[in-house]
2 protein chains.
Amino acid sequence: MTLSDIEFPTPSEDADCRPVREILDRIADKWSLYIFVALKDGPVRFNALRRQIDGISQRMLTITLRQLERDGLISRTHFPTIPPRVDYELTEVGRSLLAPVMALVTWADSNRNVIEEARRQHDQTR
Amino acid sequence: MTLSDIEFPTPSEDADCRPVREILDRIADKWSLYIFVALKDGPVRFNALRRQIDGISQRMLTITLRQLERDGLISRTHFPTIPPRVDYELTEVGRSLLAPVMALVTWADSNRNVIEEARRQHDQTR
DNA sequence: CCGCATCCGTCTTGATACTG
DNA sequence: CAGTATCAAGACGGATGCGG
């Protein structure tokens, strides 16, 4: 199979135009992807997210959640209990993004051996 | 449809384990995604990539290409002509990643209006 | 306790100038 | 043309403090 045999559904316009770039930059930033994965099975509280996403700082979790909320991809529910509780959850739109995101995760999982081998070979040849 | 109705192919292990994280961090960094899109139709030269990917610096293009090459996702062909010429191209493995990546791009394209509306509404409510 | 804002040191990134 | 070197600007993580 050659490259030209592969056909992808072409986006309506040039995929590199401004708005699409903004959205992709949001999805593909350092932490958003992992927040999506962490929320895929339902609502999760702030500190539970913090524990689930290894290495994320409180600060970056807050910032990234705010951005995703602004984009309408996740919703924030605040319970004024003591101690306070805040649930984060994927919205309808957010869930529709889950399929492509999980496709990426699944790809990474099934190809990790191939990539690790490529790295070893590259580092050796160097 | 509720969230629990959605079933995804579960990766063989916990998706948050080390190697998968490393791979996802590479794919979902600021520039890799755009390099993939730019290479989807065949080999492209260094400066052509630079022009295609709006806003990328020469430095970051070099660094990102090197990383993707190390991971075996793209190949680098150097022609010792004057002026020199270097072609970058997706490898077999790299092409297999194209499907999930383009799914993400297509999603971003079809949902940009929804997201922009969500942002407007959020900024207004604030 | 939980969620969030702020300050500060570190590391990454970008702009610019230079080389084969 | 395709990089490399250098340095300044910005993003990020960790610690701390605060309000519920």
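Labels below follow one simple rule: chain letters A, B, ... track the order of the sequence lines, proteins then strands, and each chain is numbered from 1.
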Using whole Å, what does the distance between atom [atom2] of nucleotide [N] and atom [atom1] of [X] come to?
X       : N      : atom1 : atom2 : value
B:Met60 : D:dA11 : CE    : P     : 14 Å
B:Asp25 : D:dC12 : CG    : P     : 13 Å
A:Arg76 : C:dG3  : CZ    : P     : 9 Å
B:Arg59 : D:dA2  : CZ    : C1'   : 16 Å
B:Asp29 : C:dT13 : CG    : P     : 8 Å
A:Phe46 : C:dC2  : CZ    : P     : 11 Å
B:Leu61 : C:dT16 : CG    : C1'   : 17 Å
A:Trp31 : D:dA11 : CH2   : C1'   : 13 Å

query: Base, sugar-phosphate alone, or nothing: which one does A:Arg50 contact when heavy atoms must sit under 4.0 Å apart?
result: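 Touches nothing.
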Where the side chain of [X] is concerned, which of [options] is the nearest nucleotide?
X       : options               : answer
B:Pro83 : C:dG14, D:dG20, D:dC1 : D:dC1
B:Asn47 : D:dA2, C:dA5, C:dG3   : D:dA2
B:Arg45 : D:dG13, C:dG3, D:dA2  : D:dA2
B:Gln58 : D:dG3, C:dA5, C:dG14  : D:dG3
B:Tyr88 : C:dG14, C:dC1, D:dG3  : D:dG3

Short side-chain to backbone donor-acceptor contact, B:Thr91 and B:Gly72, under 3.5 Å: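 Answer holds: yes.
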message: Whether the side chain of B:Arg85 engages the backbone of B:Phe46 through a donor-acceptor N/O pair (distance < 3.5 Å, no angle test) should be reported.
response: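 Such a contact is absent between B:Arg85 side chain and B:Phe46 backbone.
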message: Checking side-chain polar atoms at under 3.5 Å, does A:Ser32 have a donor or acceptor matched by the opposite partner on A:Asp29?
response: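 Per modelled atom types, A:Ser32 and A:Asp29 side chains form a pair under 3.5 Å.
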task: Could you tell me whether the phosphate oxygens of C:dT12, OP1 or OP2, come under 4.0 Å of any side-chain nitrogen or oxygen in A:Lys30?
output: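 No, no such contact exists.
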message: For a quick test of reading the model: is some side-chain N or O of B:Arg66 closer than 4.0 Å to OP1 or OP2 of D:dT4?
response: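 Yes.
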message: Is there a path of hydrophobic side-chain contacts, each under 4.5 Å between heavy atoms of I/L/V/M/F/W/Y residues, joining B:Ile63 to B:Ile74?
response: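 In one cluster: yes.
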message: Pick the closest DNA chain C nucleotide for A:Ala48 and for B:Gly55 by heavy atoms, then say which residue is nearer the 5' end.
response: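 Result: A:Ala48.
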query: Salt-bridged, B:Arg119 to A:Asp71, with N to O below 4.0 Å?
result: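 Between A:Asp71 and B:Arg119 there is a salt bridge, with a charged N closer than 4.0 Å to a carboxylate O.
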- prompt: Between B:Pro84 and A:Thr81, which is nearer to the 5' end of DNA chain D once each is assigned its nearest nucleotide?
  reply: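 Final value for this comparison: B:Pro84.
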